[in-house]
Amino acid sequence: MMDPTQLEEFVKRLTENQTRIHGYVYSLLGNHNQASDVVQETNLVLWRKNDEYDCERPFLPWAFSIARFQVLAYIRDQKRDRCLLDEDLVRSMATVAEKEALGHESIETALQDCIRKLTKQNQELLRMRYFREKTISELAVSMNRGQSAVKTSLMRIRKTLMSCIQSRIEETS
């Protein structure tokens, strides 16, 4: 059994990655109801195997491998219902889906790092625009600036982030 700190880290990673796990399973099955059922089973297996997880290693590849086996088990169990996907096709699709999902994870990590490099003022502008969903006109009023100046600032910030993300991904490739 994991110590409480490790268990807390496991639960955090499991909950943070539910959307990715569901997206992965859905990409293999193509049906939301089936994917939800398989994700539930996957979560149970992940929970039962939590003591096998090494907190020093990336969580998603481990979770995806368990999810892949759950999808294959689901397909095997559904064969009598004339499931359209066979196991070889799912294995092939799983490889592609895992690479894509892990690629998105590296982009998100790079984005978070790049946002931290922005000035506090630019970070706040992004928060207000994209997380608090303020309109350009609301931002302009709150910042005592013109709308075109706010749009220009946001455009420059997005370009800076794109450049930073691209260079971070190139570094890790």
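Along the sequence shown, residues carry numbers from 1.
Scanning for salt bridge (charged side-chain N to carboxylate O under 4.0 Å, His left out) contacts around K12 gives E16, with sequence neighbours left out. Remark: N122 engages L118, T119, I157 in a side-chain contact (heavy atoms from CB on, under 4.5 Å) (not counting sequence neighbours). Taking the side chain to side chain donor-acceptor pair (under 3.5 Å) definition, one finds that N31 meets it with nothing, sequence neighbours left out. By the side chain to side chain donor-acceptor pair (under 3.5 Å) test, E8 is found to be paired with no residue, residues two or more places apart in sequence or in another chain being considered. Residues that satisfy the side chain to side chain donor-acceptor pair (under 3.5 Å) test with E9, not counting sequence neighbours, are R13. Checked against side chain to side chain donor-acceptor pair (under 3.5 Å), R145 has the following partners two or more places apart in sequence or in another chain: S153. Considering only residues two or more places apart in sequence or on other chains, D37 meets the salt bridge (charged side-chain N to carboxylate O under 4.0 Å, His left out) condition with none of them. Considering only residues two or more places apart in sequence or on other chains, R158 meets the salt bridge (charged side-chain N to carboxylate O under 4.0 Å, His left out) condition with none of them. Residues meeting the side-chain contact (heavy atoms from CB on, under 4.5 Å) test with R48, sequence neighbours left out: L44, V45.
The two residues A63 and T42 have their closest heavy-atom pair at O-CG2, 4.4 Å. Taking every heavy atom of both residues into account, Y74 and L29 meet most closely at CD2-CD2, 4.2 Å.
Counting heavy atoms from C-beta on, the side chains of R68 and V25 never come closer than 4.5 Å. Looking only at side-chain heavy atoms (C-beta outward), I165 and D113 stay at 4.5 Å or farther from each other.
Annotation: disulfide (SG to SG under 2.5 Å) contacts involving residues 109-150, sequence neighbours excluded, comprise C114-C164.
Rounded to the nearest 0.5 Å, atoms CE (M143) and CG (L125) are 5.0 Å apart. In this structure, CZ on R129 lies 11.5 Å from NZ on K134, to the nearest 0.5 angstrom. Here L154 contributes atom CG and M128 contributes atom CE; the two are 10.0 Å apart, rounded to the nearest 0.5 Å. Between Q123 atom CD and R116 atom CZ the span is 9.0 Å, to the nearest 0.5 Å.
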Steps toward side-chain contact (heavy atoms from CB on, under 4.5 Å) verdict (L46, W62): CA-CA 9 Å; L46 288 168; W62 179 71; 3.4 Å; yes
Evaluation steps, side-chain contact (heavy atoms from CB on, under 4.5 Å), between I75 and L28: CA-CA 10 Å; I75 289 169; L28 299 175; over 6 Å; no
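Judged by distance alone, with hydrogens and angles left aside, the side-chain atoms of S163 form no donor-acceptor pair with the main-chain N or O of K159 at under 3.5 Å. Listed for the Y53 side chain is a donor-acceptor partner under 3.5 Å among the backbone atoms of R57. The backbone N or O of L14 sits nowhere less than 3.5 Å from a side-chain atom of N17 that would complete a donor-acceptor pair.
Looking at Q34, Q70, H22 one by one, the single match for side-chain contact (heavy atoms from CB on, under 4.5 Å) with V39 turns out to be H22.
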In a table with atom names and distances, give each donor-acceptor pair under 3.5 Å that connects a side chain of residues 135-142 to protein atoms at least two apart or in another chain.
residue: T135; atom: OG1; partner: S137; partner atom: OG; Å: 3.2
residue: T135; atom: OG1; partner: E138; partner atom: N; Å: 3.1
residue: T135; atom: OG1; partner: E138; partner atom: OE1; Å: 3.4
residue: E138; atom: OE1; partner: T135; partner atom: N; Å: 2.8
residue: S142; atom: OG; partner: E138; partner atom: O; Å: 3.4
residue: S142; atom: OG; partner: L139; partner atom: O; Å: 3.1

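Clustering ILVMFWY residues whenever any of their side-chain heavy atoms sit less than 4.5 angstrom apart, transitively, puts I115 in a cluster other than the one holding M162. There is no path of hydrophobic side-chain contacts, each under 4.5 Å, that joins Y26 to V38.
N43 and Q18 form a side-chain donor-acceptor contact under 3.5 Å, judged by distance and modelled atom types alone.
The aromatic rings of F59 and F10 lie perpendicular to each other, with more than 60° between the two planes, well past the 30° mark.
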